[in-house]
Amino acid sequence: MKKPGMLGTFELFLLLWLYSTSTILLALPRIYAQDGQSALWLLPIISYLYLLPFIWVIIKLRDYFPDKILVEIPVILFGRWAGYLVGWPLAFYILFVTAMALREFTDVVNYIILPETPSWALLLPFLIASAYGAYKGPEAISRANVILLPLTLGAFIFLLFSSFTQAELYFLAPILGPGLDELLISAFLRLSVFIEVAILMALYPNIRSGKALRFVAFYGMAFSAFFMALVLLAYGLNFPFANTQLIGSPLFQLVRNINWGRFLQNLESLFVFTTVLMMIIKISLSLYIAVITFAKTIESPFYQPYVFPFAFITYLYTFMPTDYLTAVKWEYEFLRPYGFISLFILASFLLAVAAWRKKKRPRKKRSLKREPTAL
Amino acid sequence: MSDKNVNKVKKILAIAMVFLSVTLLTSCWDKQELDQMAFVLSMGIDRSPAGLLDLTARIAVPEAIVGAGQIGGGAGPTAPGQITKVLTVTARTLPEGVALLEATVERRISFMQCRIVVIDEKLVEEGLHRTIDFFNRHREFRRSLIFFMAKGSPAREIFQHAVPVLEENIARYVEDIVDIQRQFGFSPFVRLHDLNNTMEMYHFDGLIPIMAINEEVAEEKEGEDVKPRPTEEYWQDDEPAHEELKTIPGKLHRSGGNPVSYVGAGVLVGGKLVGFMNADEVRITELLRGRYKTGIWSIPLAQEEMNYASVILDHQRPPLIAVDTSTEPIRITVTIRMKGKLMEVQGQDIGTPEAFRLVEKKIAEALNKKALDVIARMQSIPADPFHFIRPLRWRTLTTKEYVAIPWHEWFQNAEVVVDFQPEVEFFGFQVNPSRPNLKVEEKVLEEPTEEELPGEEEWE
């Protein structure tokens, strides 16, 4: 039976797919190409294997706190001060990462579609739409995602398979790229590409059951990794490894290359349309997570009043990097790796403490849980 | 605030959003009025005598094109000089040239419709990497942009001499050239994407198609028209051709039509021009690369009698390339299977399966020889536009291993075996060529003599 505020398993599966896969739309294929060369498509698959312990931690943590989001757990375990210590930086970290993705996206659209329009004007309607999505909450975002699926996943798959018509199979050789050892190291260092899985910790109260979370976390991320590998495969089949590292907007260039004679070409408009839809959903969810994290940190009964102020802060953050390349550098060299390490350590630590306390006081298991705050 | 008031505020906000979106989403910043734009259809780039760049652009005159296409009107201009304008500016860089073009033309220049770029031979000799960066970066150029090299004359002259034989629509004319290129392979089909790939890929060399002015036809051009010269003059220009036709760019013996020829190719190593191929060699190269589609070939059956078999050879399956690196020098074996349709056989019965096999053998011998000749020439450079390294790519596991292969050295000394396997399956409506009946055959087939034939005197 449908419960208000709850996300269906399949809806959550698709939401996680969109949220984690949309990173591939921007600079990521070029970064993977630098690491993986002709074997770039193997990297997300290997990274997924490294990700499994983190997924396990996320699943286990919910078993102890099914109605709480990540920032509420330190409060229960250690007190209010711990909530502030974790919540404030986390909320603004999410905002900043969102702003970087937004900046990359805006710059790409700005250059390829609307070169004369100033970035601030381009961002404004986009952010208003995203803020509206965040205001409506995860249920509305997730429903919108499912409804728009033919235009996102469908169009994406269509474009992907269209690009295979221009493929040169031998571009995939040498099959191990820089070598198996370097692939394993690079995949580990790029583990933070999958930091998006952490959103599940902000959606614990919206997930129906532990079983649903297990399914979504393991299979949803596996699907995302597979999909990313498929996109990278298409990219690697269309450009030789010496060239894949040089292209600024990899997928856009890939789509521009699609040519089925006079019948089907100039498909970049479809790509841009798909990208805009996917990014609106992604930014909406990111904004929601930042806002709910903040609201829970300050024990506010509602998160809605903070949506538009946070959207405005994101808007300002977006202009902090001087250019596209700086935004990419900040995101992939600092924000994601350090954010991933911090989140992994934090979640593991909280899990260890929760498990230790449960072991210590097995009969007081229920005391760990509090009544969910009305939001 | 009561629920009623909240709903009211929501409604007002929603209406305000709708009005706001009307003002924000109009894309006024990026508005492009068609009648304020100058569409470049093709471009030429030359190295000027002063060492600068001459940028030539063919710009469409939309009003004239519309006039030319009027059904029933019949009076619209159709010549390239009337429906397009050719402009040249000299600059230090291509972007500077574009800026100067914009200052020259009263409209904003757009490259959205640009399909072809012709680059001067000198610039290709200097290396394409300097020239193509502009095209890689500019948002209005696609990687499907087609490149040619002007041989024997500046690219600018190509623009001045080009007179399409039939096509009135210049954009369509360009597409037609490309279609023919892809279909028959007398010159390679090379896009910006291909130039980038062959320039950057380790151990791969490329080709660039040639545009050249045929001097014989250029002399026939008067204004916008080409008037074929008298036969006597045409024969005077004919050098003894023997068994080999001249398929060298710009040297094809012909009269009438477009003074610009699109046959042959330049050979590129690392984006620099290192050699040339004639039209036949390009076809062989396309066969060896696996890009060949179809073509008509005339193969001598008996050299001394000048008897030829003409056959359409179609692509059947990708070439099988084997590289044996265990020997010194390395051994490259290429096997190519093709399907054939007989078009003509001169003076030889082929009505038995054995005779058919003989024709196939002759075709294979001729193609093998042509292939070995062109490969040997490329080995002497050394340049590998055939991409024979492909099997080694799969045999190396890492890019380091692959990059370390001394391919050009290996290729230069390689022993190459080419095995064309044509299968002639169709002989048309006739099994054997029509011949005079046996009773008169010997008499009719005698060599013609210089003596006058009976009655010829009266004609004179």
Side-chain angles (χ1 to χ4, degrees), chain A residues 36-39 108 110-126 128-129 131-132 135 166 168-183 238-249 252-259 261-262 265-266 268 308, chain B residues 10 13-14 16-17 20-32 112 133 136-145 172 175 178-179 182 191-204 290 318 321 387 389-405:
Chain A
Q37 297 170 0
S38 52
V108 170
N110 203 191
Y111 183 69
I112 60 185
I113 303 289
L114 301 165
E116 306 293 329
T117 308
S119 300
W120 65 263
L122 204 60
L123 260 177
L124 216 52
F126 186 82
I128 289 170
Y132 183 71
Y135 183 85
Q166 305 282 312
E168 294 281 4
L169 201 60
Y170 63 87
F171 283 175
L172 288 188
I175 202 79
L176 290 180
L180 191 59
D181 50 345
E182 285 194 32
L183 275 182
N238 274 264
F239 299 93
F241 71 82
N243 198 239
T244 44
Q245 309 164 31
L246 309 176
I247 296 168
S249 315
F252 184 73
Q253 194 64 273
L254 178 73
V255 172
R256 264 163 74 105
N257 271 10
I258 295 174
N259 189 328
R262 285 176 195 160
Q265 49 181 304
N266 303 359
E268 56 265 32
F308 285 96
Chain B
K10 276 185 178 176
L13 276 175
M17 290 276 278
L20 194 67
S21 64
V22 168
T23 57
L24 281 174
L25 304 175
T26 52
S27 293
C28 279
W29 273 293
D30 284 283
K31 76 177 168 66
Q32 291 181 335
M112 292 283 193
D133 186 56
N136 280 332
R137 284 180 196 278
H138 200 291
R139 59 183 284 277
E140 289 181 358
F141 293 108
R142 289 165 184 278
R143 282 199 162 209
S144 54
L145 186 68
R172 195 60 185 265
E175 278 182 17
V178 172
D179 277 352
R182 296 175 88 161
R191 301 163 299 170
L192 176 61
H193 184 63
D194 304 308
L195 280 183
N196 275 299
N197 288 354
T198 50
M199 191 169 69
E200 283 163 0
M201 272 196 293
Y202 292 91
H203 315 313
F204 279 69
I321 302 168
H387 306 165
I389 188 143
R390 279 174 285 175
L392 288 190
R393 250 181 111 109
W394 289 108
R395 286 198 334 236
T396 48
L397 283 176
T398 67
T399 45
K400 279 179 214 149
E401 216 180 310
Y402 171 71
V403 170
I405 295 172

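Lettering of chains follows the sequences in order, A, B, ..., and the numbering in each one begins at 1.
At least one side-chain heavy atom of A:E182 sits less than 4.5 Å from a side-chain heavy atom of B:K400. For the pair B:W394 and A:L169, the minimum side-chain heavy-atom distance is below 4.5 Å. In this structure, the side chains of B:R139 and A:P115 come closer than 4.5 Å at one or more pairs of heavy atoms. A 4.5 Å side-chain heavy-atom check between B:R142 and A:E268 finds at least one atom pair inside the cut-off.
For chain B, the nearby part of A:N257 is the side chain; its heavy atoms alone come within less than 4.5 Å. Of the atoms belonging to A:I113, it is backbone heavy atoms, and not side-chain ones, that fall under 4.5 Å from chain B. Neither the backbone nor the side chain of B:R395 comes within contact range of chain A, judged by heavy atoms closer than 4.5 Å. Using a 4.5 Å cut-off between heavy atoms, A:Y132 makes no contact with chain B at all. When heavy atoms are compared at a cutoff of 4.5 Å, A:I175 approaches chain B by way of both its backbone and its side chain. Interface remark: A:L246 contributes side-chain atoms only to the contact with chain B (heavy atom separation under 4.5 Å).
Counting heavy-atom pairs under 4.5 Å between each of A:L183, A:N238, A:L180 and chain B puts A:N238 at the top. For the set A:P118, A:G248, A:A242, the count of heavy-atom pairs under 4.5 angstrom toward chain B peaks at A:P118.
Residues A:P178 and B:T399 approach most closely at CA-OG1, 3.7 Å, considering heavy atoms.
A:L176 contributes atom CG, which lies 9.5 Å from atom CD of B:E401 (distance to the nearest 0.5 angstrom). Atom CZ of B:R143 sits about 5.0 Å away from atom CD of A:Q253, to the nearest 0.5 Å.
Ring geometry, B:Y402 versus A:F241: the interplanar angle exceeds 60°, so the pair is classed perpendicular (tilted spans 30 to 60°).
Residue A:F252 places its CZ atom among more than 12 non-hydrogen atoms of other residues, nucleotides or ligands, all under 6.0 Å distant. Within 6.0 Å of atom OH in B:Y202, 12 or fewer heavy atoms from other residues, nucleotides or ligands are found, so the atom counts as exposed in its surroundings.
One N or O on the side chain of A:R256 and one on the backbone of B:F141 form a donor-acceptor pair closer than 3.5 Å. Listed for the B:R393 side chain is a donor-acceptor partner under 3.5 Å among the backbone atoms of A:A173.
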